[in-house]
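Worksheet for the structure shown next.
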Amino acid sequence: MPRTRNPLDGRTAVVTGAARGLGAALARELSARGMKVALLGREERTLRQVRDELPGEGGCWEADVTDDEGLAETGADIRARLGPPSVVVANAGVAEGGPFAESDPAVWRRVIEVNLVGSAATARTFLGDLMATGGYFLQVASLASIGSAPMMSAYCASKAGVEAFAHSLRAEMAHRHVAVGIAYINWTDTDMIRGVDEHAVLRELRGHMPPPARKVYPVEHVAGRLVDAVERRRPSVYVPGWLRATQLVRGAMPPVVTALSRRELPRLAAAEPFEATGLLGAGGLADQAAARSRRPS
């Protein structure tokens, strides 16, 4: 029986947020399936480490996904070194938790910029390549795209936004033979949530979820499922699989969340006041380090 050729073999993939966590795991999995992988992220040293661990050809570029000019230069360099990308994964993301009324406007805005504007900038940079190759764009979304939670307003707004963006882009690109997929994921073992219990906001948010929704999934498992979706050019992928069922009840979720919040938030705040977490995730740490370096001594 003839062996089916791997559709990813020899092609080029771009992964944003690739220095750590899910992005690094995606890069490793794509490389293991024969792709040349361009890793984009904010931490050059960590990116090089991930690149050196890849089983196949790859390269790394320090890049801010909200910098259009910088992304354009990076895209040109990737084409010259690895060829035109036929797979692009918009994975870069940061989060912030805490009461909206007391949130830092700059931090709140940065979450929107990285997660939503950064995804759009990534798509814009490589869309010409995807049209030329009949490629695939995977937008990493979240359970937060389907149902918003209190104390996570910036993150939920950004993830609802990327879902809408991906749906719109899919419709625009259908006649150009570019497929657009959305990855709905839940708690994944990454830097962004590893210290969840250190923050009352996130600890209580996760603790009040139904037991199946509290489970943290190994990053390699999630990456494998997402790369399966890339291979099959799927319009959506859910990890864990039961998340798909939440689409059927998403219209009923806001009043339920509101009712629970009205009852639980005053009690929880009385026991331990909610404080802002600051930016969470490797990209957030890089942003904070850059901000400190700009301060006068």
Side-chain angles (χ1 to χ4, degrees), residues 3-20 22-92 118-140 166 169-170 172-183 223-224 226-235 237:
R3 184 178 178 181
T4 303
R5 182 177 180 274
N6 181 351
L8 304 182
D9 192 35
R11 293 175 175 266
T12 298
V14 173
V15 181
T16 66
R20 298 172 183 267
L22 181 57
L26 285 165
R28 289 190 291 267
E29 186 66 26
L30 289 164
S31 180
R33 301 197 197 190
M35 298 200 80
K36 296 175 285 185
V37 183
L39 300 93
L40 275 61
R42 298 296 307 278
E43 300 170 279
E44 186 176 6
R45 181 181 62 82
T46 311
L47 282 169
R48 287 199 301 267
Q49 291 175 349
V50 177
R51 178 202 60 195
D52 293 345
E53 295 170 356
L54 297 179
E57 185 179 357
C60 59
W61 286 262
E62 187 174 7
D64 181 346
V65 293
T66 68
D67 178 0
D68 293 286
E69 291 184 5
L71 275 180
E73 293 174 3
T74 297
D77 200 24
I78 289 171
R79 293 179 197 101
R81 290 176 55 184
L82 299 177
S86 58
V87 169
V88 175
V89 184
N91 166 72
S119 292
T122 300
R124 183 179 291 111
T125 299
F126 297 105
L127 207 50
D129 302 297
L130 297 181
M131 287 189 281
T133 60
Y136 180 83
F137 180 83
L138 181 64
Q139 176 64 62
V140 176
L169 187 65
R170 178 188 296 156
E172 287 186 30
M173 290 292 108
H175 71 290
R176 301 290 191 107
H177 307 292
V178 174
V180 176
I182 305 173
L226 267 56
V227 174
D228 287 344
V230 172
E231 231 175 31
R232 295 168 174 80
R233 296 169 63 87
R234 293 197 183 280
V237 55

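Source: prediction; values computed, not measured. Hydrogens, waters and symmetry mates play no part in the numbers below; they use all other heavy atoms, side chains included.
You'll find the side chain of R28 reaches within 4.5 Å of the side chain of L54, heavy atoms only. Within the 4.5 Å cutoff, side-chain heavy atoms of L82 are placed close to those of E57. Proximity of R176 to L130: side-chain heavy atoms (C-beta onward) are nowhere separated by under 4.5 Å. With a 4.5 Å cut-off on side-chain heavy atoms, V180 and E172 do not count as touching.
Of all the heavy atoms in F137 and S119, the pair that sits closest is CZ-O, 4.0 Å. Taking both residues in full, the closest heavy atoms of P85 and T133 are given as O-OG1, 3.5 Å, listed atom of the first, atom of the second, then distance. For the pair G75 and F126, the tightest heavy-atom approach, listed with the atom from each and the gap, is CA-CE2, 3.7 Å. G23 and V15 make their closest contact through O-CG1, 3.6 Å (heavy atoms, listed as atom of the first residue, atom of the second, distance). Taking both residues in full, the closest heavy atoms of V237 and A229 are given as CB-CB, 3.7 Å, listed atom of the first, atom of the second, then distance. The two residues A19 and E43 make their nearest non-hydrogen contact at CB-OE1, 3.9 Å.
Rounding to the nearest 0.5 Å places CG of L30 at 9.5 Å from CD of E231. How far CZ of R51 is from CG of L39: 9.0 Å, rounded to the nearest 0.5 Å. With rounding to the nearest 0.5 Å, the separation of CD1 in I78 from OG1 in T12 is 9.0 Å. Here the straight-line distance linking atom OH of Y136 with atom CZ of R234 works out to 9.0 Å at 0.5 Å rounding. Atom-to-atom distance recorded for S86:OG and D129:CG is 9.5 Å, nearest 0.5 angstrom. Residue E44 holds its CD atom at 12.0 Å from CZ of R42, rounded to the nearest 0.5 Å.
Under a 3.5 Å cut-off, the side chain of N91 and the backbone N or O of G17 do form a donor-acceptor pair. Judged purely by atom type and a 3.5 angstrom limit, R233 has no side-chain atom pairing as donor or acceptor with the backbone of G181. Distance alone, capped at 3.5 Å, places no donor-acceptor pair between the R81 side chain and the G59 backbone. In terms of modelled atom types and a separation under 3.5 Å, the side chain of S31 and the main chain of G56 share a donor-acceptor contact. A donor-acceptor contact shorter than 3.5 Å is absent between the side chain of D64 and the backbone of G70.
Shown are L22, T16, V227, V140; of these, the side chain to side chain contact (heavy atoms under 4.5 Å, CB included) with V89 is made only by V140. The side chain to side chain contact (heavy atoms under 4.5 Å, CB included) test with L40 is passed by exactly one of L47, T125, L71: L71.
No more than 12 heavy atoms of other residues, nucleotides or ligands shown are found within 6.0 angstrom of CZ on R11.
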(message) One pair to check against side chain to side chain contact (heavy atoms under 4.5 Å, CB included): L226 and E29. What are the steps and the verdict?
(response) CA-CA 9 Å; L226 267 56; E29 186 66 26; over 6 Å; no

